[in-house]
Amino acid sequence: MGTKIYKNPLDAWIYQEIIYDIKPDIVVEIGSKFGGSTKYFANLLDMLGKGTVISIDIDRSKYQLDHPRVIVLTGDSSSARILESVADLCKGKTVLVIHDGDHSKEQVSKDLQNYSPFVT
């Protein structure tokens with residue numbers, strides 16, 4: 001669809017199955033790189049006729065996406081500012097969180113702790 005995506009095709013297939021089953025109001029994507037997976041999730045939500053993707057990334061220098069279902073938050077996924085924004089956007093919503101950001105043990109652990117309250 002014109003935007004690079006670094007996802008295993010099987011992962012993409014499984015994501016669409018989960019999104020179809022859950023029909024989330026919000027998909028929080030931690031780590032967006034080029035925006036290819038963000039676009040994929042937004043297009044899936046288009047087909048469902050509902051939902052928003054919250055794209056979180058610390059670096060937007062390679063990000064190439066503009067889509068009406070996407071809210072872009074730029075910064076560290078564990079910063080208070082980003083977490084407060086996500087909390088406000090997710091309040092009272094059905095939420096799916098997908099982590100594909102910094103893959104270090106410390107950051108993944110921190111993000112799992114910080115974002116688990118949002119997951120419905």
Side-chain angles (χ1 to χ4, degrees):
M1 303 295 294
T3 307
K4 283 185 184 180
I5 182 171
Y6 287 154
K7 286 275 186 269
N8 179 306
L10 181 58
D11 289 352
W13 179 268
I14 291 169
Y15 284 134
Q16 65 89 25
E17 291 285 336
I18 293 169
I19 288 170
Y20 178 78
D21 285 345
I22 296 172
K23 296 178 181 56
D25 298 311
I26 304 282
V27 174
V28 177
E29 180 187 37
I30 301 170
S32 304
K33 190 79 167 188
F34 299 103
S37 56
T38 313
K39 186 177 202 173
Y40 177 68
F41 300 138
N43 288 342
L44 291 173
L45 296 174
D46 279 342
M47 287 187 266
L48 293 175
K50 67 173 274 190
T52 301
V53 179
I54 300 173
S55 168
I56 303 168
D57 206 300
I58 200 164
D59 177 11
R60 294 288 175 187
S61 63
K62 297 179 181 177
Y63 187 79
Q64 308 168 5
L65 178 65
D66 182 32
H67 191 287
R69 289 196 184 274
V70 176
I71 296 170
V72 173
L73 299 179
T74 304
D76 186 321
S77 58
S78 59
S79 74
R81 179 182 62 83
I82 295 292
L83 288 166
E84 287 170 16
S85 296
V86 173
D88 289 342
L89 292 164
C90 292
K91 195 172 293 178
K93 309 279 175 138
T94 302
V95 179
L96 170 68
V97 175
I98 297 170
H99 190 287
D100 196 18
D102 180 340
H103 298 289
S104 70
K105 178 182 177 182
E106 296 77 20
Q107 187 63 44
V108 171
S109 179
K110 195 184 308 183
D111 285 339
L112 288 173
Q113 289 282 340
N114 289 334
Y115 286 83
S116 63
F118 307 132
V119 177
T120 50

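All figures in this text were calculated on a predicted structure; none of them were measured in a lab.
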>> Using only atom types and a distance under 3.5 Å, with no angle test, would you say the side chain of R69 pairs donor to acceptor with the backbone of G51?
In response: yes
>> Contact between H99 and V108 at the side-chain level, heavy atoms closer than 4.5 Å - yes or no?
In response: yes
>> Tell me whether T120 contacts the main-chain N or O of V95 through its side chain, where contact means a donor paired with an acceptor under 3.5 Å.
In response: yes
>> Counting only heavy atoms from other residues, nucleotides and ligands, does the tally under 6.0 Å from CD of E17 exceed 12?
In response: yes
>> Quick check: is L89 connected to F118 through a chain of hydrophobic side chains (ILVMFWY, heavy atoms under 4.5 Å apart)?
In response: yes
>> With clusters defined by side-chain heavy atoms of hydrophobic residues (ILVMFWY) lying less than 4.5 Å apart, directly or transitively, does L83 cluster with V53?
In response: no
>> For a quick test of reading the model, state the closest non-hydrogen atom pair linking Q107 to S77 and the distance between them.
In response: NE2-OG, 3.4 Å
>> Hydrophobic clustering (ILVMFWY, side-chain heavy atoms < 4.5 Å, transitive) - are L45 and Y15 grouped together?
In response: yes
> Nearest heavy-atom pair of P117 and Q113: which atoms, and what distance?
Replying inline: CD-O, 3.5 Å
> Under a 4.5 Å cut-off applied to non-hydrogen side-chain atoms, are S78 and E106 in contact?
Replying inline: no
> Could you give the distance from CG (D100) to OH (Y6), rounded to the nearest 0.5 Å?
Replying inline: 12.0 Å
>> Using 0.5 Å steps for rounding, measure from the NE2 atom of H67 to the CG atom of D46.
In response: 4.0 Å
>> Just so I know, are the side chains of I19 and M47 near enough to count as touching, which here means a heavy-atom distance under 4.5 Å?
In response: no
> Residues two or more places apart in sequence or in another chain: which of them pass side chain to side chain contact (heavy atoms under 4.5 Å, CB included) with S116?
Replying inline: none
> Are K23 and Y20 in a cation-pi contact, defined as NZ or CZ under 6.0 Å from the six-membered ring centre and within 45° of the axis?
Replying inline: yes
> Roughly how far, to the nearest 0.5 Å, is the NZ atom of K7 from the CD1 atom of I14?
Replying inline: 12.5 Å
> Are there more than 12 heavy atoms of other residues, nucleotides or ligands under 6.0 Å from atom CG of D21?
Replying inline: yes
> Any link between V28 and I22 through a network of hydrophobic side chains (Ile, Leu, Val, Met, Phe, Trp, Tyr) touching at under 4.5 Å?
Replying inline: no
> Which distance, rounded to the nearest 0.5 Å, do you find between the CG of L48 and the CG of D25?
Replying inline: 11.0 Å
> Which distance, rounded to the nearest 0.5 Å, do you find between the CG of D57 and the OH of Y63?
Replying inline: 9.0 Å
>> So which atom in G75 and which in I56 form the shortest heavy-atom distance, rounded to 0.1 Å?
In response: O-CG2, 4.1 Å
> Given the rule in the side-chain hydrogen bond (donor to acceptor under 3.5 Å, both in side chains) test, do T3 and Q64 qualify, once you have shown the distances and angles that lead to the verdict?
Replying inline: CA-CA 7 Å; T3 307; Q64 308 168 5; 5.3 Å; no
> Shared ILVMFWY cluster between L65 and L44, side chains joined below 4.5 angstrom?
Replying inline: yes
>> For the backbone of W13 and the side chain of Q16, can you confirm whether one donor and one acceptor N or O come within less than 3.5 Å of each other?
In response: yes
> NZ/K110 to OH/Y115 distance, rounded to the nearest 0.5 angstrom?
Replying inline: 11.0 Å
> Looking at V119, I54, N114, which hits side-chain contact (heavy atoms from CB on, under 4.5 Å) with V97?
Replying inline: V119
>> Would you say that K93 contacts P24 through its side chain, given a criterion of any heavy-atom pair below 4.5 Å between the two side chains?
In response: no
